[in-house]
Protein chains: 2
Amino acid sequence: MSTPRATLRERMEAKGLRMTTQRRLLANLLEEAEEHLDADEVYRLAQTQDPQIHRATVYRTLNTLKKLGLVDELDLMHVNGDRHYYEVRPRKLHIHLVCMKCGDVQEPGGPVWDELKSRVRKETGFKPEMVRVEMGGECPQCQRRATPRAGEAS
Amino acid sequence: MSTPRATLRERMEAKGLRMTTQRRLLANLLEEAEEHLDADEVYRLAQTQDPQIHRATVYRTLNTLKKLGLVDELDLMHVNGDRHYYEVRPRKLHIHLVCMKCGDVQEPGGPVWDELKSRVRKETGFKPEMVRVEMGGECPQCQRRATPRAGEAS
DNA sequence: CTAACTGCAAACCTTTTGCATTGAC
DNA sequence: GTCAATGCAAAAGGTTTGCAGTTAG
C-alpha cells in the first residue's frame, strides 16, 4: 500500500527545475546515500563522478532543494562541528538520536512521531512544514562501554 | 508547588566554576532574557553593562555552560542564518515552533513533550541528555495574512 | 534564443585559538 | 601563589556571492 514515490529527480522536474548534469548527479547521490551527508561529503562524492563540479554548485543546489522542501537540513546536535547534513525529505517524521560520545545516529520510527505534527497543528494552529527532532545523549553501546560494572576485569 | 530552582549563577558555582565578573554578568543576562539570544546579541547586551567584555569570553562561557548542560543551544531552523541561540536549560522539554515567514518562535507546552524523553529511553535504550525539537512552518497569524480569503468566507 | 545555471575566486560571518596578562580562590 | 579565565588579534571553518561563460528548454 505504500504509494510508489517519485524519485528526487522526478520531483525536481515537477517543480520546474532545470535538470543539468550536475543536478541529476546530485539528486542520485542524495537519494542513494546511506548516511547523512554534509555539504562537503556531498561535494566529494559528486567529484568522484564529475571532477569538474564545483562546491558552489553543491551548496546552491542543496539550498534550492531545501527551499523547495525536497531535502531537509539537519544539525545532528553539532556532534561534529557546525556543518549541516542533508537528507531527502522522508514521508514520515522521524527523530534523530545522536550519541554525543561516538557520533552514532539512530532513527527510531514509531507512532509517537507520526502524531507529532498533527497534534501541534491541532493544539496550536501552527502549520508545520519541516520538522527537526534531535536528541543528544548516549547510545546503548556507549552506555555499556562507559559503565563496565564498577569492579570487573576489562 | 514548583520546586524553587537555584539561579543559574548558583548552579554555576555548584559546578565549581570560577565566578568572574563577566560570568556573573552573563549568567544574569541569560536568566533574565525574554527572547532567545544568539551569541552576538548576548555579547552586545553584555557590553552595555561591561564595555570591556570580549566576544571570545562570551563564546567561551556559552560553550562552558552548554557542556555543563546549564544552557541549551538552539538553531531555530536557521530562519535568521546560521547563528546559534541560547536558553537556560528548562526543567521540562519544550518544542520550538519557528514561523519561516515572520520568524516568530512559539513554545507550546503539554504532556506530549514531557513524555518524549522517557519513551525514547524505554523504546530504544538511548539515554537523552539534550533535546532539540524544532518545527518550521507557518504561524497562525501568517496563515491568516497569506490566505486573504481565496473565494470563501472566512 | 534566453533565462537559468555553472565555475571561479573572493568575500562573508560566525566561531575558535594561541598567547600574554589578570584575577579568583 | 597558582591555575583558570580574560582580552586581544589572528585564523579557521563552513557558506555565500558577483561575475562572466555555458547550457537546458
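By convention in this document, chain letters (A, B, ...) are assigned in the order of the sequence lines, proteins followed by strands, and residues within each chain are numbered from 1.
With the end axes of the helix from C:dC1-D:dG25 to C:dC25-D:dG1 each set by five pairs, the angle from one to the other reads 50° at 10° resolution.
Comparing C:dT15, C:dC25, C:dG7 by their closest approach to the side chain of B:Tyr59 singles out C:dT15. For A:Ile53, the listed nucleotide lying nearest its side chain is C:dG7; candidates were C:dA3, C:dG7, C:dA24. Of the candidates C:dT15, C:dC8, D:dT6, the closest approach to any side-chain atom of A:His54 belongs to C:dC8. Of the candidate nucleotides C:dA9, C:dA24, C:dC5, C:dC5 has the atom nearest to the side chain of A:Arg23.
For the pair B:Asp50 CG and D:dT6 P, the interatomic distance rounds to 11 Å; values are reported in whole Å. Residue B:Asp75 contributes atom CG, which lies 19 Å from atom P of C:dC13 at whole-angstrom precision. Protein atom CG of A:Leu62 is 11 Å distant from nucleotide atom P of C:dT6, rounded to whole Å. Taking atom CG on B:Leu65 and atom C1' on D:dA5, their separation rounds to 13 Å, with Å as the unit. When rounded to the nearest whole Å, the span between CZ of A:Arg18 and P of C:dA4 equals 7 Å. Distance, B:Gln52 CD to D:dA5 P: 21 Å, rounded to whole Å. When rounded to the nearest whole Å, the span between NE2 of B:His78 and P of C:dC13 equals 17 Å. Atom P of nucleotide C:dC5 and atom CE of A:Met12 are separated by 10 Å, given to the nearest angstrom.
Taking 4.0 angstrom as the limit, B:Gln22 places none of its side-chain polar atoms (N or O) nearer than this to OP1 or OP2 of C:dG23. Neither OP1 nor OP2 of C:dC5 sits under 4.0 Å from any side-chain N or O of A:Thr20. The shortest distance between the side-chain N/O atoms of B:Asn63 and the OP1/OP2 oxygens of C:dT16 is below 4.0 Å. Contact annotation: A:His84 side-chain N/O to D:dG14 OP1/OP2 distance is not under 4.0 Å.
With A:Glu138 contributing its side chain and B:Lys127 its backbone, the two residues share no donor-acceptor pair below 3.5 Å. Looking at A:Thr124, its side chain never comes within 3.5 Å of a backbone N or O of A:Arg121 through a donor-acceptor pair. Under the 3.5 Å distance criterion, the side-chain polar atoms of B:Arg55 are left unmatched by any main-chain donor or acceptor of B:Asp40. No side-chain donor-acceptor contact under 3.5 Å links A:Glu32 to the backbone of A:Leu29.
Under the 4.0 Å criterion applied to side-chain N and carboxylate O atoms, B:Glu73 and B:Arg132 are assigned as salt-bridge partners. Comment: A:Glu31 engages A:Arg11 in a salt bridge, judged by a side-chain N to carboxylate O separation of less than 4.0 angstrom. Using a 4.0 Å cut-off between charged nitrogen and carboxylate oxygen, B:Arg83 and B:Glu41 do not count as a salt-bridge pair.
Enclosure of atom CD in A:Glu13 by more than 12 non-hydrogen atoms of other residues, nucleotides or ligands within 6.0 angstrom is indicated. Residue B:Gln47 places its CD atom among more than 12 non-hydrogen atoms of other residues, nucleotides or ligands, all under 6.0 Å distant.
With hydrogens and angles ignored, a donor-acceptor pair under 3.5 angstrom links the side chain of B:Arg60 to the base of D:dG7.
Annotation for B:Val79: hydrophobic cluster partners, listed by chain and number, are A:Met130, B:Leu74, B:Leu76, B:Met77, B:Tyr85, B:Val98, B:Met100, B:Val105 (ILVMFWY side-chain heavy atoms under 4.5 Å, direct or chained).
Nucleic acid contact for A:Arg83: sugar-phosphate only, since backbone atoms but no base atoms lie under 4.0 Å from a heavy atom of the residue.
For the segment residues 24-48 of chain A, no residue has any heavy atom less than 4.0 angstrom from an atom of DNA chain C.
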